[in-house]
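Written below as C-alpha cells is the structure these notes are about.
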Amino acid sequence: MSDRFSLLILPGDGIGPEVMAEVRKVIDWFGDRRGLHIDVDEDLVGGCAYDAHGTPLTDATMAKAQAADAVLLGAVGGPAYDNLDFSVKPERGLLRLRKEMDLYANLRPAQCFDALADFSSLKREVVAGLDILIVRELTSGVYFGEPRGIHPDDNNPDNEGGRVGINTQRYTSGEIRRVARAAFELARKRKNRVCSMEKANVMESGILWREEVQWVHDNEYPDVELSHMYADNGAMQLVRRPSQFDVIVTDNLFGDILSDAAAMLTGSLGMLPSASLGAPMENGRPKALYEPVHGSAPDITGQGKANPIACILSFAMALRYSFDRGEDANLLERAVEQVLADGVRTADLMGAEGGTPVSTAEMGDRIVQALGALA
Ligand code: IPM
Ligand code: MG
C-alpha cells in the first residue's frame, strides 16, 4: 500500500479558512516527523465558490473530490448568501459532495474531554467520560426524497395563502441495510452496542427502518447488542442519561438534530469532528469527506477567536479511516487532550473562572508543540 495520499482541502466560508490554516500546520508536522506524504490540493466550496463561479461547487471541484483519497472541508454559508436562490445556496455545495460521492455513513462522535466536563450544560457526573458515536444516514431520506418543492395548492379554496410545501421521507431497504452495517462494524470496535432510532409509531419509513436494522442484526451481527428507540424518546434519553448509549444509528433528518444535541453535551461545538464515508474504492479505502460539526460562525469570523480543534480532530479521523494511520490518529488526539489539560483555551472554552483565551493560531501552535513532546 502506498504511503502517499492525496487530500483535497475545501476551507469554504466564515471561520473555515482560519481553522484550516491550523490543520495545515498539523499536516506539515506529520509530513516532517512521521513520513506521511500528503499531496494537498485546495479549492473552493460554498459561498466563496458562488462568488467566484456562480455555483457553490463547480464540476471541476466535484471531479477533484471524487479522485482524492480524502476531502477535508471547513464550513459553508453565511448571512451574505441567505437570500440566494435555493439551488445555489452554499449548503447545496456540501449536499452535492455528500450525494455524488455517495457518503452514506456520517460518523459524529460526541466525546467529553475531562478538562471540559464543566462546560457542558449538564452536570459533570452525567457527562464525564462520555463517548457516543452517532452514525447518521447522509445520502437519502427527506433531504433528497422526491417529490419536493413549493407549489400552488390548486382547487383548495380553504388554503389561505394558496401554496403547499412538500418534502418526502423515502428509504429503500438497501439504503438502510448499508448504514446499519456501518454502525454494527463500528460498534464491534467499541462497546458492541447499537441503538437504532426512528419514528416507527407514526411513519412507514420508520417501520421499514426498524425491520431492516433488525434483519441486518439477526443475519450478520447477532453478537452486537441491538435496541430500538423512537427518536423523540432518544432525544430525551440523550439529555437524561447519555452514557447509556454507545453507537446510535439513525436517518438523515433525525441524525442532524440528535447529533447537535449530543454535541452540546460535550461542552462546545468547537470540539467535534465528523467523517462521512462511502463504499470502499479500488484501493480498499472508503470514499471520505471530513468536516468539523460546527458551522461557518459568521459572528466571529476573521477575529482569531475560532477554535480549530474540531477541524484538527477531523484530520485525525482522516488519519484513521483514510490513511491507515491509527497510531498517528491516537497521537493527535492525545496532543489535543494534553493541550486542554494544560488549560489552553480558545474563547469558546472560557468558563466562569475567567482567564485569557488564546487565538486560533496559538491553539494550533500549542497542539503542534504537544505533538512534538509526545512523539
Ligand atoms: C450538518 C448541517 C447540514 C445538514 C447543513 C449545513 C446542510 O446542519 O451537517 O449537520 O443539515 O446536514
Ligand atoms: Mg446539522
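Here, residue 1 is the first one in the sequence, and each next residue gets the next number. Ligands are counted one by one from 1 in listed order, and the atoms in each one are counted from 1 as well.
Residue Glu291 places every heavy atom at 4.0 Å or more from ligand 1.
When only modelled atom types and interatomic distance are considered, Glu185 and Tyr221 share a side-chain donor-acceptor pair under 3.5 Å. Remark: the Thr58 side chain and the Thr61 side chain contain an N/O donor-acceptor pair separated by less than 3.5 Å. With hydrogens and angles left out, the side-chain atoms of Tyr143 and Asn167 include no donor and acceptor closer than 3.5 Å. Asp365 and Gln369 share no side-chain donor-acceptor pair at under 3.5 Å.
Asp251 and Lys199 are not joined by a salt bridge, as no carboxylate oxygen comes within less than 4.0 angstrom of a charged side-chain nitrogen.
Looking at His294 against ligand 1, nothing comes within 4.0 Å, counting heavy atoms. Only the side chain of Arg108 comes within 4.0 Å of ligand 1, counting heavy atoms alone; its backbone N, CA, C and O stay farther away.
To the nearest 0.5 angstrom, Ser259 atom OG is 11.5 Å from Leu107 atom CG.
Among all protein heavy atoms, the one lying closest to atom 11 (O) of ligand 1 is Tyr143 OH, 2.5 Å. For atom 2 (C) of ligand 1, the nearest protein heavy atom (residue, atom name, distance) is Asp256 OD1, 4.0 Å.
In this structure, Phe113 and Met271 have side chains that are in contact, with non-hydrogen atoms separated by less than 4.5 Å. His294 places none of its side-chain heavy atoms less than 4.5 Å from the side chain of Leu272.
Sorted by chain and number, the protein atoms of type N, O or S within less than 2.8 Å of the Mg ion (ligand 2) are Asp256 OD1.
Distances from atom 12 (O) of ligand 1 to the heavy atoms of Arg136, Glu91, Lys89, Arg92 show the closest one on Arg136.
No chain of hydrophobic side-chain contacts below 4.5 Å, direct or via other Ile, Leu, Val, Met, Phe, Trp or Tyr residues, connects Val142 to Met203.
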